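On a predicted model such as this, the values are computed, not experimentally measured, just so you know. Values below: every heavy atom of this structure, side chains too, minus hydrogens, waters and symmetry copies.
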Amino acid sequence: MSHRYVVALGGSLLRPEESAERDTWFARLRQLVVSLEGNGHRLAVVVGGGLPAREGIQLASSMVSDSARLDRIGIAATRINATVIQQVLQSVGCDVADAIPHTVEEAANLLSQHSIVLMGGTTPGHTTDTVAVRLAASIQAKYCIIATNVSHVFNKDPREFDDAEAISEMTLAELGEITGVGSPLEPGASAVVDPMAVQAAMDASIDMAVLDGRDISRLDDALEGKSFVGTLIRT
Ligand code: UTP
């Protein structure tokens with residue numbers, strides 16, 4: 001049976017810190033996508049802005065106070081990163097849409113014509129996590145996978161607290177208690193899951209998975225519906 005999947009791929013995965021592992025990571029990502037396509041599945045990947053988003057926003061921030069303007073810089077960066085992955089996958093012959101859609105509706109439409117669609121952000125006021133959740137709702141995907149650079153959702157910030165505990169399974173309401181619900185982040189700010197995405201998932205009853213996208217086998221497990229190392233978030 002053919003499935004539709006949505007993955008939010010954190011722009012952090014493309015940052016220079018990950019460069020030592022990049023070739024292996026891209027090779028494993030290509031393998032995964034080729035295998036999904038070969039099995040007749042459809043995959044939308046919503047790529048985050050990572051370093052170019054932060055740098056661009058930082059460059060303008062002393063002169064621009066309107067957060068929607070700074071968000072637009074972030075969105076441009078997400079589209080650059082989406083184009084990088086798009087070109088890598090097209091170069092190995094995958095059926096990837098040529099267009100990088102600007103809206104969730106356009107992405108859903110392209111996904112009915114191609115096995116794979118890459119996109120970035122859409123409009124100001126949220127991050128690519130939110131775009132991914134909205135797209136998952138629009139195409140009736142089983143759930144929305146957030147592939148990022150942390151292993152799980154933690155009960156508190158593991159960068160600040162040594163005793164932070166990784167959570168394997170939780171409800172969306174519990175996630176909302178950690179991240180907040182429905183309040184936009186500052187342009188370029190980072191959080192394990194965007195509170196706007198938590199709101200969107202609650203509104204559309206979309207389950208989520210948060211996992212470390214540096215290890216493609218975790219993504220593979222989650223896509224296959226197997227148990228995976230990461231956090232499963234149920235509605
Ligand atoms: P990201 O989606 O990359 O933020 O958007 P993120 O999830 O925190 O970070 P990484 O890169 O995946 O680790 C970067 C910025 O682009 C703007 C926001 O300013 C956001 O902080 N953005 C992105 C939007 O305004 N709308 C969008 O749909 C996407």
Item to check | Considering all heavy atoms, the nearest G120-A82 contact | outcome: N-CB, 4.0 Å

Checklist outcome for this item: Those residues at least two apart in sequence (or on a different chain) that pass salt bridge (Lys or Arg N to Asp or Glu O under 4.0 Å) with D95 are none

Checklist entry - Between N39 and S35, is there a donor-acceptor pair closer than 3.5 Å when you use the side chain of the first and the backbone of the second? => result yes

Checklist entry - Can you name the nearest heavy-atom pair linking V117 to A107, along with the distance? => result CG2-O, 4.2 Å

Next on the checklist: Could you measure the distance from the NE2 atom of H126 to the CG atom of L185? Nearest 0.5 Å is fine.
Outcome noted: 11.5 Å

Next on the checklist: Run I100 and Q86 through side-chain contact (heavy atoms from CB on, under 4.5 Å) and show every step you take.
Outcome noted: CA-CA 9 Å; I100 302 282; Q86 177 205 42; 3.8 Å; yes

Next on the checklist: My understanding is that only residues two or more places apart in sequence, or in another chain, count here; which of them pass side-chain hydrogen bond (donor to acceptor under 3.5 Å, both in side chains) with D163?
Outcome noted: K156

Checklist entry - Between D98 and Q90, do the side chains contain an N or O donor and an N or O acceptor separated by less than 3.5 Å? => result yes

Item to check | hydrophobic_cluster_shared for V88 and L43, side chain cutoff 4.5 Å | outcome: yes

Item to check | Pairs where residues 56-79 contributes a residue and the test side-chain hydrogen bond (donor to acceptor under 3.5 Å, both in side chains) is met, not counting sequence neighbours | outcome: R79-H102

Item to check | salt_bridge(R234, E169) N-O dist < 4.0 Å | outcome: yes

Checklist entry - Ignoring hydrogens and geometry, is there a side-chain-to-backbone donor-acceptor pair from S2 to H41 under 3.5 Å? => result no

Next on the checklist: Between V7 and I146, does the side-chain contact (heavy atoms from CB on, under 4.5 Å) criterion hold? Intermediate values first, please.
Outcome noted: CA-CA 6 Å; V7 176; I146 312 273; over 6 Å; no

Item to check | Any donor-acceptor pair under 3.5 Å from Y5 side chain to A141 backbone | outcome: no

Item to check | W25 side-chain N/O to G213 backbone N/O, donor-acceptor pair under 3.5 Å | outcome: yes

Checklist outcome for this item: Distance col, row L29:CG vs I216:CD1, nearest 0.5 angstrom, shows 4.5 Å

Next on the checklist: For the CG atom of L111 and the CD atom of E106, what is their distance to the nearest 0.5 Å?
Outcome noted: 12.5 Å

Next on the checklist: Between T128 (side chain only) and V131 (backbone N and O only), is there a donor and an acceptor less than 3.5 Å apart?
Outcome noted: no

Checklist entry - About how many Å separate OG of S91 and CZ of R30, when rounded to the nearest 0.5 Å? => result 6.5 Å

Checklist entry - When you measure from the side chain of T179 to the backbone N and O of L175, does any donor-acceptor pair fall under 3.5 Å? => result yes

Checklist outcome for this item: Nearest heavy-atom approach of A97 to H114 is CB-CD2, 3.7 Å

Checklist entry - What side-chain hydrogen bond (donor to acceptor under 3.5 Å, both in side chains) pairs are there with at least one residue in residues 140-154, not counting sequence neighbours? => result none

Checklist entry - Nearest heavy-atom pair of V133 and C144: which atoms, and what distance? => result N-SG, 3.7 Å

Checklist entry - Just how far is it from atom CD of E177 to atom CG of N155, taken to the nearest 0.5 Å? => result 12.0 Å

Checklist entry - Yes or no on side-chain contact (heavy atoms from CB on, under 4.5 Å) for L14 and I85, after CA distance, side-chain angles and deciding distance? => result CA-CA 10 Å; L14 300 176; I85 311 257; 4.1 Å; yes

Checklist entry - Could you walk me through whether V181 and M202 pass the side-chain contact (heavy atoms from CB on, under 4.5 Å) check? => result CA-CA 9 Å; V181 180; M202 286 174 168; 3.9 Å; yes

Next on the checklist: Ignoring hydrogens, what is the shortest heavy-atom contact between T122 and V104? Give both atom names and the distance.
Outcome noted: CG2-N, 4.3 Å

Checklist entry - Can you hop from L9 to V192 via hydrophobic side chains spaced under 4.5 Å? => result no

Checklist outcome for this item: Value for CG (L110) from CZ (R42), rounded to nearest 0.5 Å, stands at 11.0 Å

Checklist entry - Taking only residues two or more places apart in sequence or in another chain, which ones pass salt bridge (Lys or Arg N to Asp or Glu O under 4.0 Å) with R218? => result D215

Item to check | Qualifying side-chain hydrogen bond (donor to acceptor under 3.5 Å, both in side chains) pairs with a residue from residues 184-200, counting only residues at least two apart or across chains | outcome: T127-D194, T130-D194, Q199-D203

Checklist entry - Which atom names give the shortest non-hydrogen contact between L51 and R15, and what distance separates them? => result CD1-NH2, 3.5 Å

Checklist entry - Mind checking whether F26 and V33 sit in one hydrophobic cluster, side chains of I, L, V, M, F, W, Y counted as touching below 4.5 Å? => result yes

Checklist entry - Can you tell me if Q87 uses its side chain to pair, donor with acceptor, with the backbone of V84 under 3.5 Å? => result no

